[in-house]
Every structure is written in structure tokens, then in C-alpha cells.
Amino acid sequence: MAHRYTFAQTPLAHPEAIVGGTDGLNFRFTVLADGLLRYEYAFDGQFEDHASVLAVNRRLPVPEFRVKETATSLEIITRRFHLTYDRNAFSPSGLSAAVKGSYWEHSSVWHYGDENGTLGGTARTLDEADGRVDMGHGIVSRKGYASIDDSRSMLFDKNGWLATRRDGDRVDGYLFAYGHDYRAAVKAFYALSGPQPLLPRWALGNWWSRYHAYDEAEFLELMENFKSRRIPLSVAVLDMDWHIVKDPRVAEAGVTGWTGYSWNHQLFPDPEAFLKKLHDYDLKTSLNVHPADGVQSYEDLYKEVANALGHDTSFNDPIQFDITNQAFLDAYFDVLHRRLESQGVDLWWVDWQQGQHSRIPGIDPLWVLNHFHFLDSGYDGKRPLTFSRYGGPGSHRYPIGFSGDTHITWESLAFQPEFTNTASNIGYGWWSHDIGGHMHGAKDNELLIRWVQYGVFSPMFRLHSSDNPWNAKEPWNLSGDEERILTRFLRLRHRLVPYLYTMNARAARDDLPLIQPIYWGYPEHDEAYQVPNQYLYGSELMVAPITAPRDKESGLGQVLVWFPPARHVDIFSGVVYDGNRLLWVARPLDAYPVFAREGSIIPLDAEAEPENGCKEPDGIELVVVVGADGSFELLEDEGTGATLDEIEFSSTLITFSQSAGRLTINPRKGASSPRTHRTWSIRFPGFSSAKEIHFHVNSTAQGVHPEGSTTGLTVRLGSHSVDDELVLSIGENPQLDVVSPNPRIMTFLQQAQMSLGLKDRMWKVVSKEAPAAVRAGELVALGLRDEILHPILEGLLAVA
């Protein structure tokens with residue numbers, strides 16, 4: 001089974017990148033990049049050249065560097081760092097590196113053994129979390145440097161099987177010295193550890209999951225309810241009760257019932273027919289697996305697995321789980337999993353919760369499961385994908401990540417955006433959370449809606465809950481307005497797939513995670529570090545999640561937002577904001593703070609009610625923000641091919657010229673597609689004053705009819721060949737609208753549940769003829785609560 005064990009690894013560094021390590025020297029340095037150094041110390045001069053779970057590719061281009069050495073000292077100098085070493089056993093005083101281009105107020109010098117004061121990484125699980133957990137270390141820091149200790153991680157031999165490290169006290173570490181160039185640091189990490197894989201398009205839609213013992217009829221009725229209400233899904237997940245759990249045979253065997261490979265035929269009498277029906281709904285299917293208890297004698301495939309392993313079945317002894325045994329691993333996949341996959345299972349949810357120890361010291365079962373599950377999922381040329389927990393640095397190679405069972409509380413929601421953001425600091429880009437929370441807590445529809453809104457703008461979207469009968473998350477169980485809001489955002493997730501799939505391709509091709517903390521783009525701005533929940537969502541969008549309940553008087557949820565330099569527009573409301581300012585923004589329950597800077601181009605599915613499955617849409621709506629030049633390459637593919645080298649993308653380049661006020665949709669290039677025509681519409685949020693509108697198809701003028709609204713201008717271009725060049729002109733140098741905030745403030749005051757007299761005093765200040773700063777000061781002097789003051793200041797101060 002070469003596909004199961006073979007993977008791309010080049011663990012031996014270029015000899016010209018290595019300093020030391022020969023002639024009895026106990027140290028070895030490898031200059032992997034101008035900001036990436038491997039440092040090793042071995043008491044016996046024996047160094048490690050196997051691939052580790054962290055480092056699978058050390059054969060990187062040799063950067064420029066200089067070496068200066070004497071009998072008592074060694075210096076290595078690159079464009080980014082200057083290393084000094086005393087040639088003795090590593091110590092803080094004997095091994096250090098000055099990092100160039102860092103502007104840290106205290107020190108830009110790394111010393112061996114320094115505590116990693118990084119900007120955070122991620123954690124193995126959020127199980128039982130009710131708010132903040134320790135996020136560990138990443139590879140980016142305001143100090144300009146970070147290190148990773150790889151001395152004890154699992155290894156792979158040259159054939160791709162497991163290996164262990166030599167005995168003895170050895171040092172194997174990596175120094176990332178990139179100053180505040182955080183993106184360069186993470187790209188270097190991917191170069192060393194391997195890139196993020198490309199996800200299949202269907203994975204980017206809405207997943208339904210619940211820890212509940214569904215039967216076939218109940219589950220199919222649920223899927224029909226989603227379809228009839230035109231609420232799209234792409235993945236149907238069955239938690240552990242798909243297999244035998246509460247059965248006399250389980251009790252007799254004395255096991256928990258968490259592990260199972262035999263369908264519960266009382267719930268699913270014909271599994272193959274059931275899975276086919278799910279496929280007929282254009283859904284992929286996933287089954288949960290807890291493999292720790294091995295294979296019991298009551299399992300349907302017990303004898304077949306036993307035959308493969310030469311296991312004696314005379315006494316019906318269980319087959320113990322041993323992921324370090326290659327024969328067991330072969331049977332695990334080729335017998336247990338392949339049989340279920342042949343029935344229609346598309347994806348395994350590996351739910352390992354049994355610790356970090358295996359029969360071989362230093363081998364973490366989670367790492368082995370993640371690695372080989374991912375490789376095995378690519379059999380028959382399929383695009384590999386797994387769904388499991390985080391094992392440590394290097395886990396980004398095995399998407400998608402299951403973050404665990406969180407509490408249903410505002411505290412949990414308030415932490416998840418920051419947790420997801422900092423995961424990018426260790427290259428982990430595809431977390432899947434239990435959207436809405438999993439357990440405990442209290443029923444709170446506002447919390448559910450805010451969580452769903454965040455989920456729409458998170459890496460993966462998966463509704464999940466416990467088996468508690470009061471913990472269902474079906475939208476139709478909410479009241480009228482709440483159901484409408486939840487449904488609209490679930491549809492929006494599928495409308496975002498054209499954008500998300502392009503960002504997925506960008507992540508795999510260009511080493512840029514979908515989610516990036518705001519300080520990645522603006523590392524020298526202190527304000528960027530004051531909003532840990534705020535993030536860049538792909539190349540075009542910025543999101544500031546609302547993670548606290550609404551104020552009773554104002555009726556609004558609020559969040560502190562830092563607007564980076566350049567104007568931004570709220571893509572929902574069309575409200576414009578000047579850049580380089582901190583501002584509290586407030587939103588009702590049906591709105592969410594998502595912004596795009598001038599020059600942004602965001603492709604959406606033009607269908608307001610997308611269907612299941614995340615198929616390439618027949619129509620595209622482009623959200624275009626005027627005010628600066630912009631460019632977006634829409635990437636699509638037909639779903640075949642497992643790796644980037646095997647995939648042929650189709651590309652549609654879309655550009656906007658600010659000076660000419662001209663949007664150009666270029667002819668599609670690349671892979672052929674059954675789609676020969678596509679419908680296009682253009683929405684300009686925050687822009688309504690087009691001087692003139694002209695539309696040309698291959699230089700031939702055609703008529704269009706613009707549609708104005710309170711949020712901006714929409715122009716529908718109709719259906720055209722994908723080989724046509726479409727050019728829409730809206731007049732030279734178009735600018736975002738700057739309008740009086742008074743109507744919005746009036747609406748807020750009309751709806752606020754508060755004293756009428758105080759409303760009068762507030763409106764008197766707002767409506768007077770005076771600079772915004774003067775009116776803001778007078779409002780502050782009224783002694784208003786922040787929850788009432790902030791929405792008014794937002795309107796007054798959004799634009800200077």
C-alpha cells in the first residue's frame with residue numbers, strides 16, 4: 001500500500017547550508033532560509049536526519065550567509081539575523097542571535113532557552129472549555145523571533161513509516177527570526193513543514209452534525225426539511241450512534257461502546273441505500289470513529305480483521321488497537337474503513353481523546369492517526385481530507401481540525417475568534433468549531449445567531465450540539481425574525497463559496513492562511529494588537545465578531561474595531577469608515593461587522609438561495625468597492641486531482657481601474673468546463689453616484705439598467721460566454737459616498753428603549769451645526785452609558 005506510507009519528504013538539508021556536525025563536533029547549524037535556522041547539539045556527535053512531524057522538508061534553497069569562526073567562537077550572519085555561539089554546550093549566554101529589522105522596545109536578541117513570548121499558537125482541543133485556554137506558542141512575536149523545540153517529536157523513516165529518536169539528551173530546535181514580517185515567517189514554516197493541502201470545494205459549505213441517535217427516517221426527514229426550506233448543506237455528519245453502542249454484546253464485552261465499526265441496523269436497516277439517499281441530496285457523508293478500543297468479537301468484520309492479522313478467534317478475544325503496528329494499520333484501513341467507504345462514506349471524523357501514549361514511547365497515536373488517515377483518504381486519486389484534532393506543529397498538513405466540545409456560553413464564543421486567529425501563527429488554517437457550542441450552558445437564541453454569524457466568517461462551518469433535546473439548532477425551531485436571520489446567514493455561507501474556494505487555492509498555492517490576525521497586515525500599529533478577535537478573512541474582507549449580548553436599551557451588539565489606513569465599507573449596509581482609527585461599532589441582531597477596503601473585489605454566488613453541495617454557480621455577483629485599484633483572480637476546478645500538481649484550475653481575472661472607473665471581467669483561462677455561459681451582476685456598496693454607465697462585450701456596446709438602493713448601486717450585466725471580455729465603466733475616479741450620519745442616528749434613537757427626555761437632549765446635540773468632534777464632546781458630557789453613546793459616536797466619527 002505505497003499510497004498509505006509514501007509522502008513528499010526531503011529531510012536532508014543541502015550540505016552547503018550546514019555549519020558544523022562533522023569532525024567530532026557536537027553542534028550543527030543549518031541555515032534553511034535567511035530567517036530560519038536549525039540548531040542541534042548532540043553529546044555523541046550523532047545528529048538527526050529523519051523527517052519529523054514538524055520538519056519534512058529541509059532541502060531548501062541555500063540562502064546567502066557568512067560564517068566567521070575562531071577556536072572559541074562561531075558567527076553566522078544572514079540578511080535577517082546574526083548568530084553568535086561559544087562552541088560549548090548550548091546555554092543562554094553562549095548561544096544568541098540578534099534579529100535585524102525588529103523594533104521591539106526591550107530586546108531583539110534571542111538567547112537559547114528564552115521563554116517564547118509569541119503571539120500565541122493553538123491548542124490540542126477545546127474540550128470542556130468555557131472561555132479561554134492556553135494557546136501555546138506560535139512562530140511570530142513582537143520581539144521579532146520565536147523558537148520551536150523539536151527534540152522529542154515523532155519521526156518518519158525513509159519509507160514513510162514511524163521512527164523514534166536516539167537516546168540521550170539532545171537538542172533539535174528551529175529559530176524563526178523574521179522580525180515583524182509575520183507572513184514571511186509562516187511561509188518559511190510551510191517550506192519546512194509542508195504546505196496546507198487544497199480542500200475539496202464541498203468542504204467549504206454548511207455541515208450538519210449532532211450527537212444524537214438518529215434513525216434513517218428521522219435523518220432523511222431532517223435533510224428534506226433543510227432542502228424544502230432552501231437552506232443549503234454540503235456535509236451530513238453522523239456522530240457515534242451510527243454504530244452499535246447500547247447493545248447487550250457491548251456490555252458483555254465490558255467496553256464503553258465508543259468504538260464501533262458495525263452499523264446499528266435497528267436505526268439503519270439498509271446503510272448503503274441510506275447513504276445513497278444522502279448523496280442524492282448532493283451531500284457528502286461523514287462517520288465518527290473512536291478507534292481506541294480496537295475490534296471486538298461482535299463486530300461484523302471481526303473475523304476478517306483477525307484473518308488479516310493472524311489473530312486467534314477461538315476465545316473471541318478482542319483485537320487490540322495498536323496504531324504502531326503496520327499490519328494492524330493495514331487491516332484498520334483495508335478491512336474496516338474500506339468496507340464502509342464502499343457503501344458510500346466520504347469522510348472520517350477521527351475523534352481521538354485517549355491521550356498521547358502508544359506502545360512505542362514518543363509515538364503519539366493522534367499524530368499517527370492524522371497522518372495515515374490523511375494519506376489513505378487520497379486512495380484512488382481522490383482529493384485527501386480528514387477531520388480530526390490538532391496534534392502539534394505540523395498538523396496543518398491534515399485538515400480539517402475538530403476543536404472539541406465547548407460550553408454553550410458567551411465566554412466560549414468570545415474566545416473562539418482569537419483562538420482561530422492565533423492558530424495561523426503556527427500555520428493551522430482550517431479549524432472547524434462546534435458552531436453554537438456543544439453542551440451545558442443555557443438556551444439563548446441571540447447567542448446562537450451571533451455564533452452562526454461568526455461561523456459563516458470562520459474557516460469551516462459546522463453546526464453541532466449535544467443530545468440534549470432542548471439543544472437543537474434547526475433554524476425552523478426559532479421564532480420568525482430569528483429564523484429569518486439564521487436562514488439568511490446559512491445561505492450566505494454558500495454564497496461565499498466562490499470567494500472561499502479561491503482563498504482555499506491561495507492558501508495551498510501561496511502559503512497564505514484564510515484567517516490572518518489583523519496585526520499580520522499592520523505589524524507596526526499598536527492598535528492592531530488591541531483587537532485580538534478582529535481578523536482578515538482572505539485577501540478582501542475584514543471581520544470584527546460581536547461576541548457579547550445586546551444592550552437592552554440600545555438593542556445593539558457592540559465591538560471595538562480598528563480600521564487600518566484606507567477607507568473601508570460595511571459590505572452589508574454600505575456605511576463608509578475612514579481608516580487608522582479605533583471605533584466602537586454597533587449592530588442589530590440581523591447585521592454583522594464585515595468590511596472591505598477600497599479596491600476590494602469579492603465574488604459571491606448570485607443565487608440568493610443556493611442549493612446543496614457547493615457546486616460552481618451559474619451566476620456570480622461581484623461586490624466591488626470603489627476608491628482604489630483592485631484585482632481578483634477567481635479560481636475554480638472540476639474537483640479531480642489530489643494535489644496542486646494534478647489540478648488544472650480555471651481562472652477568471654477581474655480588475656478595477658480607479659482612475660478610469662472601469663471594471664473588466666477577462667475571458668476565462670485554463671481548464672475547460674461544461675459551463676459555457678455565466679450571468680454577472682455587480683454591486684457597489686457605499687457608492688450610488690455613478691457619473692455615467694457604459695457596458696461593452698468584446699468592445700461592443702450593450703445596454704444595462706442600474707438599480708439604486710440605500711446601500712449602494714447594483715448593475716446587472718446578464719448572461720455571457722465565459723470567453724467574452726466584459727467591461728463596465730461607471731465614470732472616472734469614483735468615490736465612496738460620504739453622507740450625513742443623522743438619519744442613521746435618528747433611526748437608532750427612535751428604536752432605543754430609553755428616556756424620551758434624554759433622547760431630546762441627545763438629538764439637540766447631534767443635529768446642531770458644529771464639527772463632529774464638538775458634538776462628540778458634548779455627548780460625552782451628558783454622562784451617557786457607553787452602550788448608548790457608542791452607536792452615536794460611530795455615526796459622527798466614522799468619516800472625518
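Here the structure is a predicted model, which is why all the values come from computation and not from measurement.
Salt-bridge formation is detected for the pair Arg716/Glu707: a Lys NZ or Arg NE/NH1/NH2 atom is positioned less than 4.0 Å from an Asp or Glu carboxylate oxygen. Salt bridge status for Asp618 with Arg678: absent, with no side-chain N to carboxylate O gap under 4.0 Å. The existence of a salt bridge linking Arg509 and Glu633 is confirmed by a sub-4.0 Å separation between a basic side-chain nitrogen and an acidic carboxylate oxygen. A salt bridge does not link Glu527 to Arg581: none of the charged side-chain nitrogens sits closer than 4.0 Å to a carboxylate oxygen. Between Arg183 and Asp511 there is no salt bridge, since no side-chain nitrogen of the basic residue lies less than 4.0 Å from a carboxylate oxygen of the acidic one.
The cationic atom of Arg201 (NZ for Lys, CZ for Arg) lies less than 6.0 Å from the six-membered ring centre of Tyr501 and within 45° of the ring axis.
Taking CG of Asp481 as the start and CG of Asp590 as the end, the distance is 8.0 Å to the nearest 0.5 Å.
Counted by atom type alone, Thr652 and Arg668 present zero donor-acceptor pairs between their side chains at under 3.5 Å. In this structure, a donor-acceptor pair under 3.5 Å is present between the side chains of Glu482 and Asn445.
Residue pairs meeting the side-chain hydrogen bond (donor to acceptor under 3.5 Å, both in side chains) criterion with at least one partner in residues 414-424, sequence neighbours excluded, are Arg132-Glu418, Gln416-Trp451, Thr420-His433, Thr420-Tyr454. Within the structure, the side-chain hydrogen bond (donor to acceptor under 3.5 Å, both in side chains) test picks out the following pairs touching residues 602-615 (sequence neighbours left out): Arg230-Glu609, Asp282-Lys615.
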Please list every donor-acceptor pair under 3.5 Å in which a side-chain atom of residues 696-704 meets a protein atom from a residue at least two apart or in another chain.
residue: Asn698; atom: OD1; partner: Glu725; partner atom: N; Å: 2.8
residue: Asn698; atom: ND2; partner: Asp724; partner atom: OD1; Å: 2.8

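Partners of Ser740 according to the side-chain contact (heavy atoms from CB on, under 4.5 Å) rule, which considers only residues two or more places apart in sequence or in another chain, are Asn742, Pro743. In this view, Val738 and Arg567, Val799 satisfy the side-chain contact (heavy atoms from CB on, under 4.5 Å) rule, not counting sequence neighbours. With sequence neighbours excluded, the residues that form a side-chain contact (heavy atoms from CB on, under 4.5 Å) with Pro741 are Arg744, Ile745, Leu796.
Between Asn533 and Tyr535 there is no side-chain heavy-atom pair separated by less than 4.5 Å. In this structure, the side chains of Leu222 and Trp208 come closer than 4.5 Å at one or more pairs of heavy atoms.
Below 30°, between 30° and 60°, or above 60°: for Phe387 and Trp207 the angle between ring planes is above 60°, a perpendicular geometry. Ring pair Phe563/Tyr577 is parallel by interplanar angle, where below 30° counts as parallel and above 60° as perpendicular.
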Does Leu789 form a side chain to side chain contact (heavy atoms under 4.5 Å, CB included) with Leu779? I'd like the steps, not just the answer. CA-CA 7 Å; Leu789 176 64; Leu779 286 167; 3.8 Å; yes
Set out, in order, the CA-CA distance, both residues' side-chain angles and the distance that settles salt bridge (charged side-chain N to carboxylate O under 4.0 Å, His left out) for Glu794 and Arg587, then state yes or no. CA-CA 11 Å; Glu794 178 187 354; Arg587 296 291 183 271; 2.9 Å; yes
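The minimum heavy-atom distance between Val576 and Leu736, with the atom names listed, is CG2-CB, 3.9 Å.
For Phe695 and His705, the gap between ring centers reaches or exceeds 6.0 Å. In this structure, Tyr592 has its ring center no closer than 6.0 Å to that of Phe572.
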